[in-house]
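Let me begin by presenting the structure, written as structure tokens, before commenting on it.
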Amino acid sequence: MSTERYNPRGVEAKWQKTWTDAGSFLASNSSDKPKYYVLEMFPYPSGRIHMGHVRNYTMGDVIARFRKACGYNVLHPMGWDAFGMPAENAAIERKVHPKSWTYENIAAMRDQLKSMGLAIDWTREFATCDPEYYGHEQRMFIEFHKAGLVERKVSMVNWDPVDQTVLANEQVIDGRGWRSGAEVEKRELAQWFLKISDMSEELLSALDTLTDWPEKVRLMQRNWIGKSEGLRFSFVLEDEAGNQLDDKLTVYTTRHDTIFGASFCAISADHGLTQKAAQSSDAVKAFQKECAALGTSEEAIERAEKKGIPLGIYARHPFDAERRLPVYAANFVLIGYGEGAVFGCPAHDQRDLDFARKYGLDVIPVVAPKDADAATLDVGSEALLEKDTSTVHMVNSGFLDGMSVEDAKAEVAKRMADAGIGERKTNYRLRDWGVSRQRYWGCPIPFIHCDTCGVVDVPVADLPVVLPEDINFDKPGNPLERHDEWKSVPCPKCGAPAQRETDTFDTFIDSSWYFARFCSPHSDQPVDTDAASYWMPVDQYIGGIEHAILHLLYSRFFVRAMRKCGHLDLDEPFKSLFTQGMVIHETYRSQSGDWIVPAQIARDVDKATDTVSGEAVTIGPAEKMSKSKKNVIDPDDIIEQYGADTARWFMLSDTPPERDIEWTEAGVVGAWRFVQRIWRLVGQVADDNVSIVTEVLHKADADNIAELRKSTHMAIASVGDDITNLRFNRAIARVYELVNALAASLSSDDASDELKMAQREAAVSLVQLFAPMMPHLAEECWRALGGDGLVCDAPWPNHDESLLVSDKVTFVVQINGKKRAELQFAKGADREMVEDTCLRHENVVRSLDGLSVRKVIVVPDKLVNIVAG
RNA sequence: GCGGACGUGGCGAAAUGGUAGACGCAAGGGACUUAAAAUCCCUCGGCCGAAAGGCUGUGCGGGUUCAAGUCCCGCCGUCCGCACCA
């Protein structure tokens, strides 16, 4: 074997082909081995992979290769989240068809991913825009509809009048469309909804079973579902003159204990009673308009002043005939939550207090510290919010006086229930999932609108409803709506001329079940139930935190819906979830303030220069790689220059996987040097021919061998453990240690054959340990060392526990907790002897001068602490 | 405002309550070389000391413990999520 530098070019492609030809990573749907399903969130085919992909897929790949070595039947698939707006934008801007744009991007990105050397079963690949895939999606949606999980209802949407489309809330910036800049209108549209809110409780409570998810993500989902337990009750209304009205006002509250502190009622500007009042009041009408303008804007405006307008009606206090509460339409009451109406208790709610101060309404404290005098309580500009309810009780509250908050709630709930005006009610913030999009590049919603039969689902035999390809984007809006030939179909029920639904699905639907499809990607059913019950759930799911709520929640809902329709027998899709950090990079700006790409920068220790202009540039902090700041490194360039192994190694080194990793040139070069170092060491070992003759070992060799074996087996023990727990940075540190140990061992001259054998064993283990991270280099080394077959097929090495323990242990000797000496003893040494020896150690004697020993703590085989004073 | 996470050398970071800084990067010194690259060796939290060794040190202030980066209480700071949810 030559001692040339390792050149990944050619070598990496060679091994990739070898793996493909050997079918090394094909997953079998039946096996005696235990199964392991590792999945990284599949990419959107934007055209090129970015460093975030490299990090994500490297992590998954390490797990896949490691689990395979550990004897698992591993499923590690790849696909494409291929529907979505960018394809349409490309069509509009560059006159390319969304379909060809998407599939060309997929082809390019597939090549890029393959150049990373990923252990993926490519035979399972699919794109969500494949009619075969989305046809199953259509079929399931029809089934969901029949199972009562789907609803068509009219709802308010953000409508962009220029682009002729619905916008998500995130796409509305300061009341304007993010793309067109046009003022967004509120519009009522009939849309399809998945009734995810029906599953609020289950989706919430099952979070407790997801113990292998980050607590942060579970918390975010909990907050998103937003359970609150309270009371819903109705007020009797009257007019100015005290005449009882027909209407009642129903409100929702979690603080019914404070009912005696109520001084007004506030209802949403969109509430039915506001609408009614608006019919006879221009002022109310104007107020409604004002609120509508605020509705979609930024948080700054949303935090605007509390405002309201009296409606001239009054709510009778349920427990005090003497009191009536003025009813206001108010800008801070949401129509979409609870009843869209509340009673205001200014003393104990900051919003209500702001409102009351503005309009001169009563502020009545009703919850007070037990030792306070109720008569002298005064509320300033801050509402009283007691966190510790054990120190307070009810005051100014009639029959509730003196009760605890909890007892008061119970009493109020009971009295209201008895009076038939209220009941306990649990509310959730989680809304139903609106899935209609007025878009072309998405899965057509499989329904037909017939004038006589209404909404009719497309017969299963006619699925998939395939997107027509002869469309154009000359005009704004959804091209499907203008495609009369495609739109016009006979009604499946009555045969009369009818129209297809032209909306397509939210792309979050596509990604809500792809993981199940991977189990049987060619099945004529959405999923093959046997295959799915074999592989699911995903054992390890890896992706960005940005999907903590929507994608993961929708997927959790979807598997439940699929279970209801008999496709899956599964509670949760993802057993263990890992959210990886971002890849960040410094930013560079020229003197004139323009962003400059890193490729164009010469970086010194403390300064950076633009290699094109020769100017010094300003170095900005490391931020997420983004096109706008141009701080992007192209994975292709890195792989071309250093090879995939170097890029992979860098991605895993140093920084824990959940944190943001800073990409630096120095770091990549360091990884590159390490690749070369391994290659040199392995070359050295491979070149050392071991003769058959056995020599007598000299002492130095014996120690060397013992040291090396210990290092090897310690590395084997910890690397596997670290990878299992996704502590890649620690696994890598352990590999470094082993390399250092091997290098130290190789530096001795005239090694005996035994030593050479030990070095060879160490090198072989080393190669196996880093093989999941740097698979190409590992194969090349494996072959150089004469290993059997492919290292990717080799079983993970076992460590020999007996080599890890030595018969001597080093004790730390402390005096009052401060280290004073180190002493070696035989393992399991007698306590008294240890204590005695320590007390006679010269450092200890010196430090104890003038002190008397009070106590000696001995931690066996570890530490002695002498307490003296 | 509510909720959560985090705070350790010049930097990325390690550390089942038991030797703080493993491992890597950067830096400095040296060897090899005509030279450079590559490689190898040494130093590397701060202060004192020739050394042995000592003092000090994990955001700040307290506490528990024989022993605290780690556990508890209170601050300060940074980051993230939600944000009029009644």
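To find a chain, count down the sequence lines: A is the first, B the second, and so on, and within it residues start at 1.
- At a cut-off of 3.5 Å, with distance as the only test, a side-chain donor of A/Ser197 or A/Asp432 sits close to an acceptor on the other residue.
- For the pair A/Trp224 CH2 and B/G4 P, the computed distance is 19 Å after rounding to whole Å.
- Checking A/Asn740 against A/Arg677 by side-chain atom types alone, a donor-acceptor pair falls below 3.5 Å.
- The partner of B/C2 is B/G81, by the rule that a Watson-Crick or G-U pair needs both atom distances under 3.5 Å.
- At a cut-off of 3.5 Å, with distance as the only test, no side-chain donor of A/Ser228 or A/Asn427 sits close to an acceptor on the other residue.
- Using Watson-Crick or G-U wobble geometry with both donor-acceptor distances under 3.5 Å, B/G10 finds its partner in B/C25.
- Taking atom CZ of A/Phe674 as the reference point, atom P of B/G12 lies 22 Å away to the nearest angstrom.
- Atom name C1', nucleotides B/G45 and B/A22: the rounded distance is 15 Å, in whole Å.
- Distance check: A/Ile225 CD1 to A/Ile196 CD1 gives 7.5 Å after rounding to the nearest 0.5 Å.
- Look at A/Arg677 and you won't find any side-chain N or O under 4.0 angstrom from OP1 or OP2 of B/U39.
- A/Glu822 and A/Thr810 share no donor-acceptor pair across their side chains, judged by distance under 3.5 Å alone.
- Closest contact between the side chain of A/Asn865 and the listed nucleotides B/U19, B/C55, B/G18 involves B/G18.
- For A/Phe650 and B/A26, the CZ to C1' distance is 13 Å, given to the nearest whole Å.
- The base of B/A38 is not paired with the side chain of A/Arg673 by any donor and acceptor separated by under 3.5 Å.
- Each of A/Pro656 and A/Ile549 has a nearest nucleotide on RNA chain B; the 5'-most of these lies closest to A/Pro656.
- Phosphate proximity of B/A14 to A/Arg659: present, with a side-chain N or O under 4.0 Å from OP1 or OP2.
- Closest to the side chain of A/Val812, from the set B/G53, B/C66, B/U19, is B/U19.
- Annotation: side chain of A/His585 is not in contact with side chain of A/Lys624 (no heavy-atom distance under 4.5 Å).
- Backbone-only contact: A/Tyr736 has heavy atoms under 4.0 Å from sugar-phosphate atoms and none from a base.
- Residue A/Arg820 places at least one side-chain N or O under 4.0 Å from the OP1 or OP2 atom of B/C55.
- As a whole-Å value, the separation of A/Tyr337 OH from B/A86 P is 4 Å.
- Across the strands present, B/U34 finds no partner; the criterion is a Watson-Crick or G-U wobble pair with both atom distances under 3.5 angstrom.
- In terms of position on RNA chain B, the residue among A/Leu219 and A/Asp654 whose nearest nucleotide sits closer to the 5' end is A/Leu219.
- A/Phe650 has its ring centre no less than 6.0 Å from the ring centre of A/Tyr642.
- Contact check for A/Phe233 versus A/Val251: side-chain heavy atoms found under the 4.5 Å cut-off.
- As rounded to the nearest Å, B/C23 and B/C44 have C1' atoms that lie 15 Å from one another.
- To the nearest whole angstrom, the two C1' atoms, one in B/A37 and one in B/U43, are 24 Å apart.
- The phosphate of B/A14 (OP1 or OP2) has a side-chain N or O of A/Asn729 nearer than 4.0 angstrom.
- Both distances falling under 3.5 Å, in either a Watson-Crick or a G-U wobble arrangement, place B/G61 opposite B/C73.
- Considering only side-chain atoms of A/Val342, the nucleotide from B/C82, B/C66, B/A86 that sits closest is B/A86.
- At the phosphate of B/A20, neither OP1 nor OP2 sits under 4.0 Å from any side-chain N or O atom of A/Lys819.
- Taking only side-chain nitrogens and oxygens, A/Ser228 comes nearer than 4.0 Å to OP1 or OP2 of B/A86.
- Checking B/G17 for Watson-Crick or G-U wobble geometry (two distances, each under 3.5 Å) identifies no partner in any strand.
- Among the protein residues, A/Glu662 comes within range of no part of the nucleic acid, since none of its heavy atoms lies under 4.0 Å from any strand.
- Nucleotides B/G9 and B/G24 have their C1' atoms positioned 14 Å apart, rounded to a whole Å.
- In this structure, A/Ile732 atom CD1 and B/G12 atom P are separated by 18 Å, rounded to whole Å.
- Within the 4.0 angstrom heavy-atom criterion, only backbone atoms of the sugar-phosphate kind lie near A/Asn740; the bases stay farther away.
- Between the C1' atoms of B/C42 and B/C32, the separation comes to 15 Å (whole Å).
- Taking only side-chain atoms of A/Arg846, from C-beta outward, the nucleotide of B/G53, B/G18, B/C25 with the closest atom is B/G53.
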Apply the test ring pair (Phe, Tyr, Trp, His ring centres under 6.0 Å) to residues A/Tyr328 and A/Phe355: give CA-CA distance (whole Å), side-chain angles for both, the deciding distance (0.1 Å), then the verdict. CA-CA 10 Å; A/Tyr328 285 76; A/Phe355 193 82; 5.2 Å; yes
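- In this structure, B/G28 is classed as anti because its glycosidic torsion departs from zero by more than 90°.
- When the P atom of B/A13 is taken as reference, atom CD1 of A/Ile661 falls 9 Å away, rounded to whole Å.
- We find that CH2 of A/Trp649 is positioned 15 Å from C1' of B/G12, with the value rounded to whole Å.
- On a pure distance criterion of 3.5 Å, a polar donor-acceptor pair joins the side chain of A/Lys862 and the base of B/U16.
- Within 4.0 Å of A/Val859, counting heavy atoms only, lies at least one base atom of the nucleic acid.
- At the heavy-atom level, A/Gln350 lies nowhere under 4.0 Å from the strands shown.
- Counting any heavy atom pair closer than 4.0 Å across all strands shown, A/Leu863 reaches a base atom.
- With both ends at atom C1', the span from B/U56 to B/G21 equals 15 Å, rounded to whole Å.
- Among the heavy atoms of the strands lying under 4.0 Å from A/Val333 is at least one base atom, whether or not backbone atoms are also near.
- Listed nucleotides B/C84, B/C23, B/A14 differ in distance to A/Ala733; the shortest reach to its side chain belongs to B/C23.
- Comparing B/G57 with B/C6, their P atoms sit 25 Å apart, to the nearest whole Å.
- The nearest whole Å value for the distance from the NZ atom in A/Lys216 to the P atom in B/G3 is 15 Å.
- Rounded to a whole angstrom, the distance from the P atom of B/C76 to that of B/C60 is 15 Å.
- Using a 4.0 Å heavy-atom criterion, one finds that A/Thr655 contacts the sugar-phosphate atoms exclusively.
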